[in-house]
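Position 1 is the first residue of the sequence; numbering continues from there. Each ligand, and each atom within it, is numbered from 1 in the order the structure gives. Just so it is clear, the model here is predicted, and its values are computed rather than measured.
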Amino acid sequence: MGHTLFCDLELILLFTLFYFGQSQKPKPVLRVSRWWLSPGSSVTLSCEVEHESAGWSFYWYKAVPDLSHKSASYSYELLPASSNGTADNSYIIHGQTHTAGYVCRAGRGEPHVYTLYSQPHFVWSGDLHPSASLSVSPDRVQHFTSDSVSLTCEGNSAEWRVGRFLFDEELTFCSGWGKMNGSTCHAGELWSSTGVYWCESGSAFSNAVNITGQYDDLILLSPVHPVTEGHSLTLGCKSRTENLLSKVVFYQNDKLIQNDSRVEMIIPAVSKSHEGFYKCQSSGKESPQSWLTVKCEYTSLMF
Ligand SMILES: *[C@@H]1O[C@H](CO)[C@@H](O)[C@H](O)[C@H]1NC(C)=O
Ligand SMILES: *[C@@H]1O[C@H](CO)[C@@H](O)[C@H](O)[C@H]1NC(C)=O
Ligand SMILES: *[C@@H]1O[C@H](CO)[C@@H](O)[C@H](O)[C@H]1NC(C)=O
Ligand SMILES: *[C@@H]1O[C@H](CO)[C@@H](O)[C@H](O)[C@H]1NC(C)=O
């Protein structure tokens with residue numbers, strides 16, 4: 001009896017080893033050197049196959065949104081110079097200016113046996129561009145968790161989906177957390193969802209925005225899109241409970257920059273030195289801080 005049980009266990013163990021040995025293709029992990037693009041800098045992709053190091057060739061792909069499926073799906077297009085695979089497990093992309101998604105896989109042997117594809121990994125651009133753009137209403141980075149927020153896609157397409165990436169979660173789309181009406185995604189009361197949001201059409205990715213959902217009583221009002229050098233900027237502060245704030249103090253990088261009777265802070269002509277983290281205080285309460293991006297005027301000439 002004891003002997004039979006032992007044999008059964010052994011069989012199960014053997015079967016398990018066989019099963020996983022045959023069908024568990026490794027899935028590589030793609031990493032990117034930066035999450036947000038800035039003009040002129042390159043992006044390095046690296047592809048890691050866990051526990052299996054030797055003899056791989058690496059294949060690099062651009063993710064192209066496939067809207068014909070309901071779920072998150074992409075088709076993959078080989079990147080230049082990667083059709084025969086690269087011996088190096090890193091790949092440098094120069095001159096990328098728009099939001100893009102990348103995927104890798106590895107292969108080895110004759111005939112070639114491939115790993116699974118990695119998860120897509122995104123590199124985001126905050127700059128609006130003509131083929132696809134995302135706007136947010138109300139137009140601000142911070143929202144109260146009870147706010148309803150609309151995300152609208154614009155550009156040369158009749159069909160859109162709105163994607164988001166939360167830092168502790170996988171990639172999801174509006175159909176999972178909001179309601180798509182035409183090219184607008186309406187999301188109500190789920191803004192504990194701090195992350196990056198963007199639009200996808202069959203061929204294009206839009207600019208991406210940071211949005212944060214706050215349980216705090218006070219939020220900073222700052223624009224979701226980068227501000228262009230030389231343009232004016234207005235920052236505000238909003239309370240969950242009070243309609244009018246009497247005194248508001250503004251900070252940049254934890255340094256007090258305005259403390260007077262005005263409830264808004266206006267910068268008539270923004271320069272690169274205005275980039276940074278901002279927060280506000282009022283009636284003994286403090287907002288979370290958010291990053292403000294300033295883009296150089298000349299970068300728009302590059303498109
Ligand atoms: C891939 O290999 C083929 C044949 O070995 C060669 O003709 C071709 O130029 C290679 N392509 C690249 C992009 O290196
Ligand atoms: C989003 O936030 C990150 C830092 O958290 C910042 O580097 C990036 O520039 C922000 N993007 C935009 C479009 O403001
Ligand atoms: C969708 O948007 C249109 C136009 O903005 C509006 O008239 C319509 O009521 C909306 N539909 C739903 C289901 O919200
Ligand atoms: C702002 O200025 C008032 C006086 O005008 C002062 O009492 C207060 O402490 C200042 N607030 C901060 C945070 O420094």
Side-chain angles (χ1 to χ4, degrees), residues 32-41 43 96-100 122-129 132-137 139-143 148-154 158 160 162 164-168 174-175 178-188 193-199 205-214 218 220-229 233 235 237 245-263 265 270 272 274-296 299:
V32 298
S33 59
R34 48 172 61 241
W35 293 43
W36 288 92
L37 291 165
S38 56
S41 26
V43 180
Q96 179 68 35
T97 52
H98 297 159
T99 301
F122 297 89
V123 184
W124 294 295
S125 161
D127 287 346
L128 294 168
H129 63 97
S133 62
L134 167 64
S135 57
V136 181
S137 173
D139 180 355
R140 58 186 194 231
V141 174
Q142 297 182 7
H143 299 266
S148 294
V149 180
S150 303
L151 305 158
T152 300
C153 306
E154 274 167 278
W160 298 95
V162 178
R164 82 172 180 200
F165 184 79
L166 310 184
F167 296 100
D168 54 353
C174 181
S175 54
K179 242 199 169 99
M180 204 73 196
N181 180 3
S183 56
T184 300
C185 170
H186 298 278
S193 311
T194 292
V196 183
Y197 293 73
W198 67 94
C199 297
F205 290 89
S206 72
N207 61 299
V209 298
N210 290 312
I211 298 179
T212 72
Q214 308 295 351
L218 205 63
L220 175 78
L221 307 181
S222 65
V224 288
H225 301 303
V227 186
T228 306
E229 263 186 333
L233 165 72
L235 297 177
C237 200
L245 294 173
S246 53
K247 275 205 123 198
V248 180
V249 181
F250 291 93
Y251 291 85
Q252 181 190 8
N253 301 327
D254 284 324
K255 217 176 111 218
L256 192 151
I257 47 167
Q258 182 175 300
N259 177 14
D260 55 30
S261 56
R262 290 170 296 171
V263 295
M265 194 179 92
V270 168
K272 202 71 186 167
H274 292 112
E275 193 161 84
F277 284 102
Y278 287 84
K279 67 180 176 188
C280 63
Q281 277 175 352
S282 185
S283 322
K285 287 173 180 157
E286 183 174 297
S287 76
Q289 60 178 8
S290 281
W291 180 259
L292 179 88
T293 307
V294 175
K295 67 169 185 178
C296 305
T299 62

Can any side-chain N or O of H225 pair as donor or acceptor with the backbone N or O of S135 at less than 3.5 Å?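 No, the answer is negative, given that no donor and acceptor are paired below the 3.5 Å cut-off.
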Within the 4.5 Å heavy-atom criterion, are [X] and [Y] side-chain neighbours or not?
X    : Y    : value
L220 : Q289 : no
W124 : F205 : no
V196 : F167 : yes

Taking only heavy atoms of Y251, which atoms of ligand 4 are found under 4.0 Å from at least one of them? 13 (C)
Check each atom of ligand 4 against the heavy atoms of N259 and keep those under 4.0 Å away; list them by number with element. 1 (C), 2 (O), 3 (C), 8 (C), 10 (C), 11 (N), 12 (C), 14 (O)
Check the SG atoms of C185 against those of C174: under 2.5 Å or not?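 The sulfur gammas are closer than 2.5 Å, so yes.
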Can you sort out the partners of S222 under side chain to side chain donor-acceptor pair (under 3.5 Å), two or more places apart, ordered by chain and number?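 Result, side chain to side chain donor-acceptor pair (under 3.5 Å) vs S222: none returned.
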Does K272, at its NZ atom, have more than 12 non-hydrogen atoms belonging to other residues, nucleotides or ligands within less than 6.0 Å?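 Count over threshold, so yes.
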Where's the contact between L256 and ligand 4, heavy-atom distance under 4.0 Å: side chain, backbone, both or neither?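 For L256, only side-chain atoms sit under 4.0 Å from ligand 4.
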If you count only heavy atoms, which residues are under 4.0 Å from ligand 2?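 Residue list for ligand 2: W36, G126, A208, N210, W291, T293.
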